[in-house]
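Notes to accompany the following structure.
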There are 2 protein chains.
Amino acid sequence: MNHQRPQKKTTIYDLAELAGTSASAVSAVLNGNWKKRRISSQLADKITKIAEEQGYAVNMQASLLRRDKSRIIGMLVPKYDNRYFGSIVETFEIMARERGLFPIITCTLRNPELEVEAARTMLSYQVEWLISTGATDPDRITDLCLAGGARSLNLDLPGSKATSIISDNFGGARELTRRTLLNLQRKKGALLPLLFIGGRGADHNTAERIRGFRTAHQDLGVTIEEHHILACGYAPEKAADALNALVTSEGSVPAGLFVNSTISLEGVMRWLKSSPMGIDSQPVIGCFDWDPFVALMGHEIEMARQDVAGMLNAVFDIVESGDSGDRKLIEIQPIFA
Amino acid sequence: MNHQRPQKKTTIYDLAELAGTSASAVSAVLNGNWKKRRISSQLADKITKIAEEQGYAVNMQASLLRRDKSRIIGMLVPKYDNRYFGSIVETFEIMARERGLFPIITCTLRNPELEVEAARTMLSYQVEWLISTGATDPDRITDLCLAGGARSLNLDLPGSKATSIISDNFGGARELTRRTLLNLQRKKGALLPLLFIGGRGADHNTAERIRGFRTAHQDLGVTIEEHHILACGYAPEKAADALNALVTSEGSVPAGLFVNSTISLEGVMRWLKSSPMGIDSQPVIGCFDWDPFVALMGHEIEMARQDVAGMLNAVFDIVESGDSGDRKLIEIQPIFA
DNA sequence: CTGCACTGCTCAATCGATGAAGCAAGAATT
DNA sequence: AATTCTTGCTTCATCGATTGAGCAGTGCAG
């Protein structure tokens with residue numbers, strides 16, 4: 001048996017006693033403003049040394065209670081299961097730390113109730129800012145923040161009550177569609193309309209991407225089949241089901257696909273793999289989102305990679321300027337390989 | 001201009017004034033032990049209603065300062081850029097919340113200094129437990145926790161000073177190797193030794209997987225080529241470089257590969273795609289880790305999927321039993337499709 | 001009519017860190 | 001010698017929530 005009982009925590013009072021001084025001197029030394037408070041450098045050195053020996057760490061709860069700013073920044077994110085959100089979270093943490101902020105992240109599993117509960121918890125922890133990423137009801141969260149003394153921003157999906165930073169979904173989809181149409185022309189020798197699959201018709205991003213999809217077809221003079229716009233949801237199975245239904249009613253699938261996320265693409269690829277169609281009749285694909293393995297799959301798949309660093313730079317510009325002034329919609333161009 | 005100045009935060013004193021009662025009654029009501037404190041249900045209802053109207057949220061900093069347990073559980077994770085860690089983080093959050101714990105997660109980018117700094121910060125936030133996932137120096141973190149009044153566990157990579165929960169790397173690699181050898185035999189009609197690629201030879205997991213790799217070859221009476229064990233690091237480029245070097249010195253690559261992570265696999269696949277070898281001479285692959293798109297790639301790739309839920313159940317069993325007693329090594333069997 | 005139990009609350013100390021205000025002793029100025 | 005200034009600290013109130021102790025008022029037994 002090896003009892004690893006963690007020790008009782010050291011406080012500034014313990015350090016003060018060890019150093020034969022007062023807690024307030026210790027506090028002044030440890031947060032670096034001992035010059036302002038006219039503490040001698042001998043005492044400062046002594047206290048610093050003792051603090052190190054004792055492995056002292058401030059009690060943030062006590063410290064933050066006293067201060068007026070928490071320097072905590074929260075983020076709500078739907079899932080960690082794809083490269084887009086993974087990259088958002090990782091970049092967010094790095095950028096927050098670079099600015100001396102402490103990031104807290106929570107995933108809400110696309111569950112509206114969890115979103116609200118998580119937001120409340122974040123407010124309890126005194127976040128100064130709350131970034132709602134891909135939230136189902138961002139305005140609800142903005143209201144909570146407003147009542148709870150925090151500022152809020154929306155990322156990825158826009159809301160109407162706070163500034164929103166999103167991809168240029170229209171422009172990105174238009175370009176992705178254009179590229180995919182040309183890839184298809186190269187392969188088949190003709191301009192043929194694409195199938196749009198994945199996403200929720202009700203959400204802003206999907207609506208804008210469908211608009212870009214339409215515009216790109218128009219640009220090239222291609223007529224869209226209206227029943228080939230399938231905003232069937234994001235889950236992989238939904239995409240597979242939608243393709244099955246299409247084959248049942250029409251006997252085949254278009255030669256080119258616009259897939260609305262890597263999550264949907266997972267369903268599409270699974271379906272294609274098990275489909276009765278021959279390998280050489282595999283469709284040309286464009287995907288709105290990026291994944292490294294997709295880039296390596298047999299198919300040449302065109303991908304629109306959302307500019308995560310660009311979006312988060314915009315977020316932190318606002319956070320640092322402290323300007324939650326008027327609610328803007330900031331659109332960031334996606335990147336093409 | 002739309003000044004979204006967040007309001008000053010409501011405290012229990014504000015609520016007490018509004019309800020014409022004392023802060024202590026408000027506190028008792030809001031944390032649900034008003035029965036114990038003999039508050040009438042009329043007053044309880046009144047306070048609850050007012051709190052809701054005001055959008056009150058406790059100040060956790062103040063609350064935690066007073067309580068003895070923080071119910072905060074921290075996790076250090078190297079990256080968010082693959083399905084394994086993504087799944088660990090997501091499952092960790094869910095399980096923590098189910099148990100009334102507040103999870104804080106930080107990624108350390110495989111940077112030893114960041115690991116230590118992040119651990120210190122977590123201690124400042126009064127975590128009760130700190131889970132080090134894939135840490136480069138888990139024992140250092142355990143020491144910090146011990147000094148700082150927290151308990152610690154290691155996940156994914158073991159340490160010597162705290163209980164560690166890891167995959168059964170030996171058993172998993174042995175089974176994965178066996179399956180890959182048989183796949184290769186099915187394809188080529190003969191038992192041929194595999195190439196091991198990826199990971200760091202110095203880390204426990206890679207060493208154990210190499211041991212499993214050897215044992216599986218022995219089991220089937222296949223002789224390993226010693227210079228075909230390439231623990232070249234995890235980054236994709238490292239794997240590609242190692243393969244290039246091999247081709248330069250030997251002119252070709254073995255017909256079967258054991259790839260030590262999806263990250264390394266990314267490099268391997270990239271290299272294969274651009275390699276001069278014909279498509280039908282693509283090697284048979286086994287990968288220690290899982291990714292949904294890999295499962296869909298043209299190749300039949302055998303994958304050992306680490307049992308994230310199983311590992312985290314073991315973590316929370318220990319957390320809940322409060323038993324950091326003796327340091328054990330708990331190994332969880334990976335899952336084969 | 002006194003004593004005791006019970007109900008329904010309030011008071012005040014406390015958690016640890018912070019910083020404005022103040023104090024004592026020596027140095028410098030008049 | 002009397003005064004101001006400067007240095008180097010300490011004291012104490014404060015942040016918001018929690019909780020043991022205590023206090024009025026009512027009900028009921030003896």
Side-chain angles (χ1 to χ4, degrees), chain A residues 7-47 51 54-72 121 123-128 148-149, chain B residues 7-47 51 54-72 102 121 123-126 128 148-149:
Chain A
Q7 293 149 33
K8 184 106 196 311
K9 275 160 196 161
T10 312
T11 71
I12 51 169
Y13 297 93
D14 302 329
L15 298 181
E17 194 157 322
L18 286 169
T21 181
S22 71
S24 119
V26 174
S27 168
V29 169
L30 295 182
N31 56 90
N33 50 10
W34 52 279
K35 290 219 158 162
K36 252 172 266 171
R37 312 262 331 256
R38 298 189 312 227
I39 306 288
S40 67
S41 51
Q42 290 111 289
L43 183 55
D45 289 349
K46 187 175 176 189
I47 289 174
Q54 301 294 314
Y56 172 80
V58 273
N59 182 326
M60 274 297 171
Q61 259 72 54
S63 178
L64 293 180
L65 177 58
R66 193 65 227 292
R67 298 152 105 88
D68 51 339
K69 323 225 83 191
S70 70
R71 311 240 76 201
I72 297 179
T121 309
L123 290 173
S124 282
Y125 280 90
Q126 312 299 107
V127 294
E128 291 182 32
Chain B
Q7 292 149 34
K8 185 104 194 315
K9 274 160 198 164
T10 311
T11 71
I12 50 170
Y13 298 93
D14 302 330
L15 298 181
E17 195 158 321
L18 285 170
T21 180
S22 71
S24 106
V26 174
S27 169
V29 168
L30 294 183
N31 55 99
N33 51 10
W34 51 279
K35 290 219 159 162
K36 251 172 267 170
R37 306 220 49 188
R38 298 191 310 227
I39 306 287
S40 66
S41 50
Q42 288 110 292
L43 183 56
D45 289 349
K46 187 176 178 187
I47 290 175
Q54 301 293 314
Y56 173 80
V58 265
N59 181 325
M60 274 297 170
Q61 262 76 53
S63 177
L64 293 182
L65 177 57
R66 193 61 227 288
R67 296 150 107 88
D68 51 339
K69 323 225 83 189
S70 70
R71 312 240 74 199
I72 298 179
F102 184 74
T121 308
L123 290 173
S124 282
Y125 280 90
Q126 311 299 106
E128 290 181 34

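Small disclaimer: the values here were computed from a predicted structure and weren't measured.
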Which of the following nucleotides, D:dT10, C:dA17, D:dC9, is nearest to the side chain of A:Leu43?
D:dC9
Does the side chain of B:Ser22 get closer than 4.0 angstrom to OP1 or OP2 of C:dC9 through an N or O atom?
no
Within the 4.5 Å heavy-atom criterion, are B:Leu18 and B:Gln54 side-chain neighbours or not?
yes
In whole Å, what is the span from the CD atom of A:Gln126 to the P atom of D:dG16?
9 Å
Ranking D:dA17, D:dT11, C:dG16 by distance to the side chain of B:Ile12, first place goes to D:dA17
Categorize A:Ser40 for me: base, sugar-phosphate, or nothing, with a 4.0 angstrom heavy-atom threshold over every strand shown.
sugar-phosphate
Heavy-atom check, side chain of A:Arg37 versus side chain of A:Ser24, under 4.5 Å:
yes
Rounded to the Å, how far apart are B:Ile39 CD1 and C:dT7 C1'?
11 Å
Rounded interatomic separation in angstrom, taking CD1 from B:Ile47 and P from D:dA17:
13 Å
Which whole-number value in Å describes the distance from A:Leu64 CG to C:dC15 C1'?
14 Å
What integer distance in Å separates A:Gln61:CD from D:dA17:P?
14 Å
Along DNA chain C (nearest heavy atom to each residue), the more 5'-positioned of A:Arg38 and A:Val58
A:Val58
Check: B:Leu65 and A:Asn59 side chains under 4.5 Å, non-hydrogen atoms
yes
Rounded to the Å, how far apart are A:Glu17 CD and D:dT10 P?
13 Å
Mind checking the CD1-CG spacing from B:Ile39 to B:Asp45? Nearest 0.5 Å is all I need.
12.5 Å
Of the candidate nucleotides C:dG16, D:dT18, D:dT11, which contains the atom at the shortest distance from the side chain of A:Asn59?
C:dG16
Looking at DNA chain C, which of residues 28-37 of chain A put a heavy atom within less than 4.0 Å of it?
A:Asn31, A:Asn33, A:Arg37
Would you tell me if any nitrogen or oxygen in the side chain of A:Tyr56 comes within less than 4.0 Å of OP1 or OP2 on C:dA17?
yes
Touch check for A:Ser24, heavy atoms < 4.0 angstrom, all strands: base, sugar-phosphate only, or nothing?
base
Which residue pairs pass the salt bridge (charged side-chain N to carboxylate O under 4.0 Å, His left out) test with at least one member in residues 55-71 of chain B, sequence neighbours excluded?
B:Lys69-B:Glu128
C:dC9 base / B:Thr21 side chain donor-acceptor hit below 3.5 Å
no
Any idea which of D:dG16, D:dG8, C:dA17 is nearest the B:Ala62 side chain?
D:dG16
Applying ring-ring contact (aromatic ring centres under 6.0 Å, His included) to B:Tyr125 and not counting sequence neighbours gives A:Phe102
Specify the separation, in whole Å, of atom NZ of A:Lys9 and atom P of C:dT14.
21 Å
Given C:dG22, D:dT11, D:dG16, identify the nucleotide with an atom nearest to the side chain of B:Leu65.
D:dG16
Taking for B:Ser41 and for B:Arg66 the nucleotide of DNA chain C with the nearest heavy atom, the one nearer the 5' end belongs to B:Ser41
Taking the side chain as C-beta and beyond, is there a heavy-atom pair between A:Val58 and A:Asn31 under 4.5 Å?
no
If we only count heavy atoms from C-beta on, is the B:Thr21 to B:Leu43 side-chain gap below 4.5 Å?
yes
In whole angstroms, how far is the P atom of D:dG16 from the CZ atom of B:Arg67?
17 Å
